[in-house]
Structures are given as C-alpha cells and as structure tokens.
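Here's the structure we're looking at; comments come further down.
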Amino acid sequence: MKINKLGTNFLDELAKKKNSAQINDRCQDRRPLITPFITNSASSSTDSNDSSKEGEDEQHGQQYLLIPNIDHIQVLSMEHGQAICKFSPYNSEDEALQNAKLQSVAIMKRKIEVKNEGILHYSDEWVVFAGFLDGTLHEWTLSSIALNKGKNVGILPVRRYNLPQKYNAFAFSHISAPVGGEDGLLYALVKTAELKKQKKCHLIRIQLPMVTNNGDSDNMHNVDNIVPLVTYVINHNKENRSVGNESTTPDGKHCHVKSFPFALSSQCCERNGIKGYYVALVQKRGLTIYYENKYLSQNQMKNSNVQFFTQEKDQCDICVAAMAPNGEDMALGFSNGKIDILVSILSQTASFIENSLPAKDHPRTKLLRRTIHWHSLPVKSLCYLGLPGSRAAPSLLSGGEEAVLITWNVERGLNRPTYTLPRIAKGCITHITTNMYPISTSIGGSEMDIVVRCMDNTLQLIQGHNHSVRWKIQGLATLNNECVESVAPDGELSSAILCVDPRTQVPIMTRLS
C-alpha cells in the first residue's frame, strides 16, 4: 500500500464548523468522480511523434480522480494518487468570481464542431461541469489535464454558461449528466431566495448549446433551452398540507414539502428502442422519480413525476440513495442503519407514465422492498459496483459511522454481507465511488476500482476483487470525525498528534486519539 500526503483538506472549511453533520450534508454532492481514460492524442496531435512518454500508458490513456472543493477541483492520478493539477473557476485577479462557491460536479461527453480549411467535422471530447451558487455553469476539458501536469497554476474554464434573465436569482444545488445521454443534456436542482415566506426549489432540464469551436479562450455563453420539470415549495406562513408525509398539487408539477431534496441522480435507459431518462430526487421522508422521453404526450409529461414515501411504521429518515446500473432498482439508506432495495421501481415508474395508468395502479401499490441490515449507525454512503446498462446483477457497497466497507449481493436473497472490510479509517465513510468507464487493459483501471473518502480526511483506492488498498492519501483531520453532533462542550477538542508512518517515514499530523 502506498501512502501519500496532500497538503490541503479534502473536506471544506472543517475548522469553521462545529457540527460535523452539517459538513457532511453540505459536501455530500461534492463526491469524488473517476474520469474516463484520457489519452494525450485527444489533447494534442503533436504528441504522436513523441515516443519518449511512458509507452503503454500513452496507448491506453490514463484515468484521473476529481476531488471537488468549495473553490476548485483537485485532479489526482488513479494510478498512484498523486496530485496532477487542479481546475479553478477564476484566476487570482478575477475579483468578480471570488464569491462563486462550487456545489456540484458532473462529467459528460460533448460533441465539438470544428472547421478545418472550410471543412466541417465533429469530434467527441470529455468535459467536466461544475454548478455554482451564483447560478453559473463552468466547463473544463479533461484533455487539458495532460497539458498542465505539474503546473501550479489552476486550469481555467474553456466555457462558462449563464442562465436566462428570469433565472438569474437561482443558485445551483445539484447537477447530474446521464451517461449516454444527448449532447449537452443536464438535469439540475436550483434554489431561489425566500419570497413571501415561501422557499422554492426547481428541477430543470438544461440543453446546452452546441460547441462550435475548440479554443482555449474563456467564453461566456447564454443558456436559452431550459425546461422546468418539478417545483418543490416550503411554506413558513402556514402548516404544510400532507398526504402521508408530503403533498402534491393536482397538476403534478408543484410539490408542497417539509424539506427540499438533498440528492439528485439521473440515468439514461432504452425501452422498446426508445431512449428515455430517469431522474431521482431524494428527500428525508421519500423520493420522487421523474421519467421522460421525446415521444411522451403533453398529458403524460404533465404527470411524469411519481412520488414514493417511506413506510409509516418506519419513521427513520432517508440518509442516502443510489441508482442501480441495471436501470431497474434503487437503494435507500436510513438513519437506523437499514437499507431498502426498491426492486424494479424505475421500470415500473416508466410503465405507469407511458401507459397513463390510473391511480389504483400506482407503482407504490405493488412495490417490492428487500430490507438488508448490518449497520448499527446511520448509512452515509451507497454505491453500486457494476457497469451502466449492464443486465448483470450488481453488487451494492455501503458505509457509515462504523468505518466499515460492506459489500452486498442482493440477488442471492441473503440478509448478510458477502464481505466486510473493517477499520479502513478512523472516521465516518462519507463517499464511495466506483469506476464507470473501464476498459480491458493490463495497466491501471478496472471496473472493480473503489474510491472511499472518509471524515478523517483520508482518501483511498480499494481493489474490489481482493479488497486490498492500492494507495491511500492521509490529510489533516481538524474536527470531529463522526457525522453525529459531538457531545463534548463547544471548543473542547483533543490535542493534535504527530506521528510517522512506519512504511514511508512520512510525518502525519492528526487530531485522532
């Protein structure tokens, strides 16, 4: 195992927060992302004549790990975990953007329109998008990583996007790009300021304009193609109406809720030869699944969001959710440590909307739940281990306060894990990420790669086939390492500890006892 030290904290502003639960909730959508394989030939055509570069790695490309922070995205190597470069939304002289706070990140393959000697042709390029609190979207090309390795200056966006004038008071909360979706398609949750004792959160579909050049200049673009899908409303002037735990107005487009969604995920699917999209919005007491395709009628689109509530006998809050790569199931993690597998919830929702079925045939009336339970504390992270679109039964990974990585094989019908990896950190597991872009190579990159990020400011790459740690990065832990509120008096923290790693002889400072 290789242990490195990164000079900055992975989790933002730890020292400024007293409650670690607030940190986890605030940073839950800044999860690490594994990039596709990026080759140097994608970034520069002149590299093909340079035979002195790493041989086999140049042929297959390299994967990178993106670590979102509040003001930049750190880029690490998937091979050894070392810092490569970083994406910055602004330069040191750009004071107008100093207040931009990064909220959410997504990776997408874009089609680039290029003119060469009067001939128009298209090329594909992987890009990363980041949504900010000031209502702007920033875009970086992943091919720029190879051109900026080892440089201290942050890579600036190649394009920036502004929402229309009527949306200029919105702030991005979450963004999601379905793998395999249309070029420039994004789903986003945006929030508005409180108005007349009413807060609103909107799910919108964004269709970004075609990229007509591949220059490196920082261009500002306006986004005109925005479609509002669902609006969540919190009223403070009167008691919320409730059906179960939440309520929906008759038009199906406005949901009166007690709390806004805290997670957004999307997935591309193909049903009867037609490409469609699932969008899941998760709240503490339930979730909403939105389905659309280009052949739905106006009436079907009007009622294209379906709500599911937690069981009345189970008053525990939902902490985390994950979509299965098979396009059928969803997993929900609860505060009591239980995990519910909602079997075929996505396909049932799509059939309900496409066939305009009556309310008595609502998917929740025939929903099959499989409950598994190992955690004694809240489940803080869920992730499926499998390839998008694959019909093979995926494994489910879970983690929480116990700092134990749990592997489940739900298809076996067993209420016990297939593997437990204990004591991987001295703090809560906050994020689990798996590789969605594997290729069959003899070097690096495998569909079994698992990245685990923990509250004690550690990041590690675990190989799924044998659960060995390939590399680990230890940062500085500056606050409580659990996601629950500390019972110690305010300001009473144990003193720091300075120790030396026995393998690498690298000094490591931590607050852990």
Nearest non-hydrogen partners of [X] and [Y], listed with the distance:
| X | Y | result |
| --- | --- | --- |
| Asp329 | Leu346 | O-CD1, 3.8 Å |
| Pro157 | Ser88 | CD-O, 3.3 Å |
| Thr349 | Ile289 | CG2-CG2, 3.9 Å |
| Gln267 | Ala324 | NE2-O, 2.9 Å |
| Val343 | Gln348 | O-NE2, 3.9 Å |
| Met330 | Tyr384 | C-OH, 4.0 Å |

Is it true that a side-chain atom of [X] and a backbone atom of [Y] form a donor plus acceptor pair closer than 3.5 Å?
| X | Y | value |
| --- | --- | --- |
| Glu402 | Leu377 | yes |
| Thr430 | Arg453 | yes |
| His373 | His375 | yes |
| Arg285 | Cys316 | yes |
| Lys284 | Lys258 | no |
| Ser176 | Ser266 | yes |
| Arg364 | Val306 | no |

Would you please say whether a donor-acceptor pair under 3.5 Å links the side chains of [X] and [Y]?
| X | Y | result |
| --- | --- | --- |
| Thr288 | Tyr232 | yes |
| Thr433 | His431 | no |
| Glu328 | Ser347 | yes |

Measure the [atom1]-[atom2] distance between [X] and [Y] for me, rounded to the nearest 0.5 Å.
| X | Y | atom1 | atom2 | answer |
| --- | --- | --- | --- | --- |
| Leu281 | Ser265 | CG | OG | 8.0 Å |
| Gln474 | Leu459 | CD | CG | 10.5 Å |
| Leu229 | Leu203 | CG | CG | 4.5 Å |
| Ile206 | Tyr187 | CD1 | OH | 11.0 Å |
| Lys426 | Asp456 | NZ | CG | 8.5 Å |
| Ile450 | Thr407 | CD1 | OG1 | 6.0 Å |

Kindly indicate whether the side chain of [X], heavy atoms from C-beta on, has any atom under 4.5 Å from the side chain of [Y].
| X | Y | answer |
| --- | --- | --- |
| Ile175 | Leu137 | yes |
| Leu421 | Val452 | no |
| Phe352 | His362 | yes |
| Ile429 | Cys454 | yes |
| Leu102 | Ile70 | no |
| Trp471 | Val469 | no |
| Trp408 | Ile341 | no |
| Thr136 | Asn162 | yes |

Item to complete: Give every residue pair that meets the salt bridge (Lys or Arg N to Asp or Glu O under 4.0 Å) criterion with at least one member in residues 222-231, sequence neighbours excluded.
Response: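 Non-adjacent pairs meeting salt bridge (Lys or Arg N to Asp or Glu O under 4.0 Å): zero.
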Item to complete: Could you go through the side-chain contact (heavy atoms from CB on, under 4.5 Å) check for Phe87 and His138 one step at a time?
Response: CA-CA 10 Å; Phe87 294 130; His138 296 228; over 6 Å; no
Practice prompt. Describe, in one word, how the ring planes of Tyr161 and Phe129 are oriented to each other, choosing from parallel (under 30°), tilted (30 to 60°) and perpendicular (over 60°).
Written response: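 Rings of Tyr161 and Phe129: tilted, 30 to 60°.
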Practice prompt. Could you give me the CA-CA distance, side-chain angles and deciding distance for Thr365 and Lys360, then say whether side-chain contact (heavy atoms from CB on, under 4.5 Å) is met?
Written response: CA-CA 8 Å; Thr365 61; Lys360 66 181 181 65; over 6 Å; no
Heavy-atom count check: over 12 atoms from other residues, nucleotides or ligands less than 6.0 Å from [X] [atom1]?
| X | atom1 | value |
| --- | --- | --- |
| Tyr295 | OH | no |
| Asn355 | CG | yes |
| Arg271 | CZ | yes |

Practice prompt. Mind checking side-chain contact (heavy atoms from CB on, under 4.5 Å) for Lys200 and listing every partner two or more places apart, or none if nothing turns up?
Written response: Thr192, Gln198, His202, Thr231, Val233
Item to complete: Determine, for Arg369 against Asp340, whether the closest basic-nitrogen to carboxylate-oxygen distance falls under 4.0 angstrom.
Response: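 Looking at Asp340 together with Arg369, the answer is yes, because their closest N to O distance falls below 4.0 Å.
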Worksheet item: Is it true that Lys101 and Asp71 make a salt bridge, defined as a side-chain N closer than 4.0 Å to a carboxylate O?
Response: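 No, Lys101 and Asp71 are not salt-bridged.
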Item to complete: Apply the side chain to side chain contact (heavy atoms under 4.5 Å, CB included) test between Trp140 and each candidate in Leu66, Ile73, Val75; give the one that qualifies.
Response: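 When Leu66, Ile73, Val75 are each tested with Trp140, the side chain to side chain contact (heavy atoms under 4.5 Å, CB included) holds only for Ile73.
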Practice prompt. Applying side chain to side chain contact (heavy atoms under 4.5 Å, CB included) between Ser398 and each of Ile339, Ile432, Val320, report the one that passes.
Written response: Ile339
Item to complete: Would you please name every residue forming a salt bridge (charged side-chain N to carboxylate O under 4.0 Å, His left out) with Arg110, sequence neighbours left out?
Response: Glu139, Asp183
Discussion item. Before you tell me yes or no, could you show the steps for Phe172 and Ser104 under side-chain contact (heavy atoms from CB on, under 4.5 Å), namely the whole-Å CA-CA distance, both residues' side-chain angles and the distance that decides it to 0.1 Å?
Written reply: CA-CA 8 Å; Phe172 280 100; Ser104 185; over 6 Å; no
Item to complete: Carefully, step by step, assess Ser344 and Leu368 under the rule side-chain contact (heavy atoms from CB on, under 4.5 Å).
Response: CA-CA 8 Å; Ser344 300; Leu368 175 62; over 6 Å; no
